[in-house]
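A short worksheet on the structure shown next.
In each ligand, atom 1 is the first atom listed, and ligand 1 is the first ligand listed.
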Amino acid sequence: MNLRHAILQRLQSLQCAGIEEISRPQARKLAIALKESEAKNAPKPVSDQAGQTVQTVSTADFRPWEKRTPGPQTAQASPAQPSKSFTPRPKTTASSSSYSSSGSASSSYMAPKRTALSLEIIVPPHEDYSALPLMEDRHEALRLLGEKVRQCVRCIELVSNRTQTVLGVGNPYAELMFLGEAPGADEDRQGIPFVGRAGQLLTKMIENGMKISREENTYICNILRCRPPGNRAPMPEEAFKCRQFLDTQIDIVKPKFICCLGASAAQYLLDTTTTISRMRQREYRYRNATVVCTYHPAYLLRNPSQKAATWQDLQFLMKLMGLKVEND
Ligand code: URA
């Protein structure tokens, strides 16, 4: 995740706190502070490969849309909500501001130019899906969630490019969830995650490597439920807008283990900019699940030399799950 993504994430947090604009000096400071704190802010693993306990990180409360204070609504509102247009905050006037740029004692002082936060990343209000994880029938809960996902029009670019939305596949009672990035062309056509070449490799990793059934023992979903055009990586604002769907899926399936496939999945889930190579072989926590990270199967298709490292990661996961690891 680059600095631009990190800044967008920070802007989203500010929006959630009800802040609608920041001054240029503030924006500059934000960029510098972000650069400096990028390394420091990496989530701390619960334990590393040697099993040594490290500080716990809790991102379980990452539901920014719920913390949002009443403020401007996006023009791209959820279909279930009446569309409200965005009303910019009135410009600060001379009488109400000490930053007056006209007349008065402060005439030599140029008001800092204000930079409006991008409308694109204002999160529309979500419906309340908190009843779904309480349903006994997880298939039905996911079916209901899938209906909501199908109606979603939050990300204009994704909505106009998608054939259909892609929620998830597998057993909603499974202990293990695999989390990918976003549907590709094949997934967009079939409406099922990981059915293309990367999906076939994932199936081999699960069935031939871990010796468990993909269909019976796993549930698979993605950071995004729509295909990004040209298979580009998800934008932070897209991941953000799709997050309630992901969190609701996690709450319905209640996995004990989540395996993030690739940097996008790991970084968005755990809200970090740490590289995937530094996150693998470690244990994190998210919403009552133990989280591990490894390379994305699509990356392995391009870089087969990383398959050995990925196998180590799967063995690390298998040990955590109490599965038998051969030759151990
Ligand atoms: N890559 C992903 O990250 N997810 C899919 O569903 C397919 C390919």
Can you tell me which portion of Ser264 lies within the under-4.0 Å heavy-atom range of ligand 1? Options are side chain, backbone, both, or neither.
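Contact part for Ser264 vs ligand 1: neither.
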Where's the contact between Glu187 and ligand 1, heavy-atom distance under 4.0 Å: side chain, backbone, both or neither?
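It is the side chain that gets close, since no backbone atom is under 4.0 Å.
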Subset of ligand 1 atoms that lie under 4.0 Å from at least one heavy atom of [X]:
X: Pro193; value: 6 (O)
X: Gly180; value: 3 (O)
X: Glu181; value: 2 (C), 3 (O)

Taking every non-hydrogen atom, the tightest pair across Ala289 and Pro255
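Between these two residues, the closest heavy atoms are CB-O, 3.4 Å.
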Taking N or O atoms only and a 3.5 Å limit, does [X] qualify as a polar contact for ligand 1?
X: Ala182; answer: yes
X: His296; answer: yes
X: Phe194; answer: yes

Report yes if some heavy atom in the side chain of Thr290 is under 4.5 Å from a heavy atom in the side chain of Arg285; otherwise report no.
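Heavy-atom side-chain distance check passes, below 4.5 Å.
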Do Leu261 and Glu181 come close enough that some side-chain heavy atom pair is under 4.5 Å?
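Sidechains of Glu181 and Leu261: no contact.
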Indicate whether the side chain of Tyr286 and that of Asp271 have a donor and an acceptor atom separated by less than 3.5 Å.
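Checked: Tyr286/Asp271 side chains show no N/O donor-acceptor pair below 3.5 Å.
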Can you find a side-chain donor-acceptor pair between Asn303 and Ser305 that sits under 3.5 Å?
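The answer is no; no qualifying pair exists.
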Does the separation of the ring centres of Phe178 and His296 fall below 6.0 angstrom?
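Phe178 vs His296: aromatic centres not under 6.0 Å.
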Describe, in one word, how the ring planes of Tyr173 and His139 are oriented to each other, choosing from parallel (under 30°), tilted (30 to 60°) and perpendicular (over 60°).
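It falls in the tilted class, 30° to 60°.
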Identity and distance of the protein heavy atom lying nearest atom 4 (N) of ligand 1:
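Here the nearest protein heavy atom works out to Asn222 OD1, 2.8 Å.
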Run the contact test for Gly199 against ligand 1 with a 4.0 Å cut-off on heavy atoms, strictly below, and give the result.
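No heavy atom of Gly199 comes that close to ligand 1.
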